[in-house]
Amino acid sequence: MPTVNNALTDLTIAAARDGLDKGDFTSKELTEAHIAAVEAARDLNAFITETPELALKRAKASDERRAKGKAASGMDGIPIAVKDLYCTEGVETTAGSHILGGFTPPYESTVTQNLRDAGAVMLGKTNMDEFAMGSANITSYHGNVINPWKLDDGKDRVPGGSSGGSAAAVAGHLALGGAGSDTGGSIRQPASFSGIVGMKPTYGRCSRWGMVAFASSLDQAGPMTRSVEDAAIMLQSMVSYDAKDSTSVDQPIPDFAAALTGDIKGLKVGVPKEYRLDGMPGEIETLWQQGIDWLKDAGAEPVEISLPHTKYALPTYYIVAPAEASSNLARYDGVRYGLRVPGDSLDEMYENTRGEGFGAEVRRRIMIGTYVLSAGYYDAYYVKAMKLRTLILQEFQQAFEGVDVMLTPTAPSPAFAIGEKMDDPVQMYLNDVFTVPASMAGLPAISVPGGLSDEGLPLGLHLITKPFDEETLFRVGGVLEEAANFTAQPSYLGGAS
Amino acid sequence: MSYLIEGETGDWEVVIGLEVHAQIVSKAKLFSGAATDFGAEPNSQVSLVDAAMPGMLPVINEVCIEQAVRTGLGLNAKINLHSVFERKNYFYPDLPQGYQISQFLEPIVGEGIITLDMPEGPREIGVERLHMEQDAGKSLHDQDPKRTFIDLNRSGVALMEIVSKPDLRSPAEAGAYMRKLRAIVRYLGTCDGNMEQGSLRCDANVSVRPTGEKELRTRAEIKNINSVRFVMAAIEYEAERQVEVYEDGGNVVQETRLYDANKGETRSMRSKEEAHDYRYFPDPDLLPIDLTQDFVDQIKATLPELPDAKKQRFIDDYGLAIDDAATLVADKETADYFEAVAKAGDAKLAANWVIHELFAVLNKASLSIAESPVSSDDLGKLVGLISDDTISGRIAKDVFEVMVTEGGDPADIVEDKGLKQITDTGEIEAMIDALIADNPEQAQQYRDGNTKVTGWFVGQIMKASEGKANPQMVNELLKKKLG
């Protein structure tokens, strides 16, 4: 077992970038350290596919560019983890599902191509809830991911989901950054559970081309990192207007990292009262109040606001997302790629393939989605949900006339032990109660580590801004990060525990 | 004169609505850049999008929107500035996405009108809507005894579905509707109208009811008919079948039927109970189409003259009979050909020559007007030679035959073969004089009042002149000489 060079795996992206620039170390050394960490941490099950050879090849190319003074970006030579939902050229892409077993795309998703073009070094494809459906990374065909944060109760905890592999990889210092995807909270909730920063940009900022689709009107790529600045640096190399995605938006792309000025004086911070849930753990409530105070101390003005339709966001989400998913997943039929389980007739082949290929949670959501789109139920469920979605969006728009940013908790609890909440899907769905509203409205949002729970597990604070105002998000996120001064580390780092 | 089926219980009326699938003329597919050429190697025109690879997304081909709007305008239809693509969900191996992207609640084109030229007079048939959708691929069942192969070349090809109102009342009207619609889209250049290649296909909704009944009865849908003749035959068969069902005390069931051209009958494919629930919903991968009136107006400004307008102009400007005008405008190439011939001067004569002489030649050799062995220029010259009396109509037929078989400029042929009409009075008089002198008996008969003998004299002169004598002059001079 190679030794892990913690001096390199403990860096932030910004620090690694500076070290590379100064010639303190090479991308090859940085990459080797992370490859060793990935190998040493296999029991976290964070990766589905490791690509060490590819990583070293790209690291070498990066070092050559840098030697010529032609580093492509702040991400050049930086080892990252990529969620297995991004199609990666020549590298198996399963989206955590048996049905895509053996599928190796001949093409590269726009977001991972952007990261490649920026010089980022992919260490491998990370584990995830099957087709991004889950909040605990327990629905993957490739097994559950273990959160590097452990308590001395001996229990393994979930890293959150669906981007649980990327979260664990970043939290456990196996990668400097992770590419995640967020449909209802799949970046932010695992970031909160894993004590890292997770950011979802405005819907349309990142191209969805080449991302295995879950719910097209909600899916959005985003960075998972160990600092707000890192998230800004990484996002810079992910976004682009892409004519191949009709929902991609052609907006000017600012310098995200430059937005971290630390100055939030006079900013109005909306605190939506409807997020104060009945039965919410006291530690969540306390941290939220702490967050409000930190921002106030930095010169911002907290304002209580009301988003009365928030309570409908989660049920609405669980109509819209499964509806889209039921249709998006129809292409996995055993005819052209991935798994095929033969049958005596065409229908039997479909049944066998999809029955074996999809796990229970995916089958559940396909059934929910099929049901809500069916003749006779469509108006009562889908049409009504779409109307509510419009109301939720309008409500946010109105609220943002009075405030610049909103602050909420990221998740209603810290990471729970593997095995908990397993038998009640509704309990599981409640994990996304704070993150789903921004998803329904397509708004940018970020989860920043705020502190530890009573037991000693990380908790995140959640910020939401107006569409395409990622700059304010990073600026406020940076202030929150500084105030929180979250220095706690998981017990399992870089493979050394 | 309505089309009625005489049953044992009385007369039955047929009610028909047609759904026509017309392939949009475009280089690329509706949502991908793959080519659309007919007859390419299987699976050689398939993009990652057409094969529904994971993570692939549709991007609208704007040419197709333009073509749909152009077609809508050609059908005098309402253009919907806001329209939405929806997903029609069902599983089939030649449908890679597991759904067809189509338009459902909000199509790009609304109500319009197609006017049919029926023998009884014009008939206006309502168009319900026109929407865009993707074609599916093709399942090949005959390549292997056990397996089905899939060809995705057609997968994602852009189609317009043009739905008529249930306004058609006979197989003949259905046929006329298909021909008229085909003419319009071909004039517009939005569909090549090629039914053998599947560029234009038709589903017919057929029901029957006793004459006088107002309510529509249950309909059967006959799927995928690929010729005008079959559309008419399928409807005729199906309507009679339904009358029999009712008169035998049964009920027509709502179902999908197939037309078997070999047996000339329709048979059940699947019933309503087996019908799919397509679970339509707006495609979240695509934004709604929002057009400006300006965009529509710009297309409107470039619309060509359409068959109805052209027919009226042929009647007004050229003095053509309605039937002749309708025949000539049925096909844009024919109309253009005729107009080129008519430049020679006598439009009616030009119309006659195109409709009778040229069509006879083309039909016999199964040629299209574009493949005509005689160019419109040359036919125009020939018509010119007739109207300026250089040759007679009879001689012209001989010249035309030479043009068809050997080719060449008609003036040269007339010159080379010495076919020029004799219009010299002296020459004709001399021939008449000689004829009368040689046949005093016939001349006497004429003088005795048997004017029918004139025909014999004309014939003899034409024979002597090898048909070149101007028949009119021969007639006049004969009367004078014999009288």
Side-chain angles (χ1 to χ4, degrees), chain A residues 85-87 93-95 97 99-100 103 105-110 131 207-213 215-219 242-248 320 323-324 326-338 346-347 349-350 354 369-378 382-383 386, chain B residues 30-33 43 46-62 84-101 104-105 136-137 139 141 146-150 152 155 272 274-289:
Chain A
L85 158 141
Y86 291 93
C87 287
T93 300
T94 70
S97 182
I99 209 159
L100 271 172
F103 172 65
Y107 49 91
E108 184 85 38
S109 81
T110 299
F131 284 106
S207 168
R208 292 184 297 113
W209 193 89
M211 285 169 75
V212 173
S216 312
S217 72
L218 296 154
D219 296 344
D242 185 2
K244 289 185 291 187
D245 174 2
S246 308
T247 61
S248 166
V320 174
E324 293 182 12
S326 71
S327 177
N328 282 335
L329 269 56
R331 65 186 56 197
Y332 308 108
D333 58 4
V335 174
R336 295 169 315 287
Y337 46 77
L346 176 64
D347 284 347
M349 188 279 280
Y350 284 149
R354 291 168 66 82
T370 303
Y371 179 80
V372 299
L373 290 175
S374 296
Y377 302 99
Y378 180 74
Y382 186 79
V383 172
M386 291 308 276
Chain B
L30 185 53
F31 298 111
S32 85
N43 295 311
V46 185
S47 75
L48 295 168
V49 176
D50 307 325
M53 300 301 279
M56 291 301 100
L57 299 171
V59 175
I60 183 72
N61 176 352
E62 283 170 20
V84 175
F85 281 111
E86 301 203 30
R87 292 183 182 178
K88 177 180 180 180
N89 295 283
Y90 66 96
F91 284 96
Y92 206 68
D94 59 22
L95 188 76
Q97 294 167 144
Y99 54 85
Q100 176 195 36
I101 305 178
F104 186 56
L105 291 179
S139 294
H141 300 292
K146 284 190 169 166
R147 294 174 298 172
T148 294
F149 290 176
I150 309 289
L152 295 179
S155 168
K272 195 186 173 188
E274 300 165 61
H276 297 290
D277 177 355
Y278 290 119
R279 291 170 281 121
Y280 279 98
F281 76 106
D283 192 326
D285 285 333
L286 292 160
L287 303 175
I289 303 173

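Per chain, numbering begins at 1; letters A, B, ... match sequence-line order.
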[X], part contacting chain A, at a heavy-atom distance under 4.5 Å:
X        : answer
B:Tyr99  : side chain
B:Tyr278 : neither
B:Asp285 : both

Interchain contact, [X] with chain B, by part (heavy-atom threshold 4.5 Å):
X        : value
A:Phe103 : side chain
A:Tyr377 : neither
A:Ala323 : backbone
A:Asp347 : neither
A:Ser217 : both
A:Ala95  : neither
A:Val335 : side chain
A:Thr370 : both

Item to check | Option that, when pairs with chain A are counted at under 4.5 Å, heavy atom only, ranks first among B:Pro282, B:Gly98, B:Gly55 | outcome: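 Sorted descending by pairs with chain A, the first entry is B:Gly55.
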Checklist entry - With respect to chain A, which residue among B:Pro58, B:Pro96, B:Ala51 yields the maximal number of heavy-atom pairs within a distance under 4.5 Å? => result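 Heavy-atom pairs under 4.5 Å are most numerous for B:Pro96.
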Item to check | Minimum heavy-atom distance between A:Arg331 and B:Met56, given as atom pair plus value | outcome: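 Between these two residues, the closest heavy atoms are NH1-O, 4.0 Å.
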Checklist entry - How far apart are the closest heavy atoms of B:Arg87 and A:Glu324, and which atoms are they? => result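 Scanning both residues completely, I find the closest heavy atoms to be NH1-O, 4.1 Å.
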Counting C-beta onward and ignoring hydrogens, is there a side-chain heavy-atom pair between [X] and [Y] closer than 4.5 Å?
X        : Y        : result
A:Arg336 : B:Ile150 : no
A:Ser374 : B:Arg279 : yes
B:Pro54  : A:Thr93  : no
A:Ser246 : B:Phe31  : no

Residue, of [options], that accumulates the most heavy atom pairs under 4.5 Å with chain B:
options                                : value
A:Asn328, A:Thr247, A:Val383           : A:Asn328
A:Tyr332, A:Tyr86, A:Tyr382, A:Tyr107  : A:Tyr107
A:Leu346, A:Asp219, A:Leu85            : A:Leu346
A:Pro105, A:Ser207, A:Cys87, A:Ala330  : A:Ala330
A:Lys244, A:Met211, A:Met349, A:Arg208 : A:Arg208

Next on the checklist: I need the A:Tyr378 OH to B:Asp277 CG distance, nearest 0.5 Å.
Outcome noted: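 One gets 11.5 Å once the value is rounded to the nearest 0.5 Å.
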Item to check | Gap separating the CD atom of B:Glu86 from the OG atom of A:Ser327, nearest 0.5 angstrom | outcome: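 Nearest 0.5 Å value for the CD-OG distance: 11.5 Å.
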Item to check | Test log, rule side chain to side chain contact (heavy atoms under 4.5 Å, CB included), inputs B:Phe281 and A:Met386 | outcome: CA-CA 11 Å; B:Phe281 76 106; A:Met386 291 308 276; over 6 Å; no
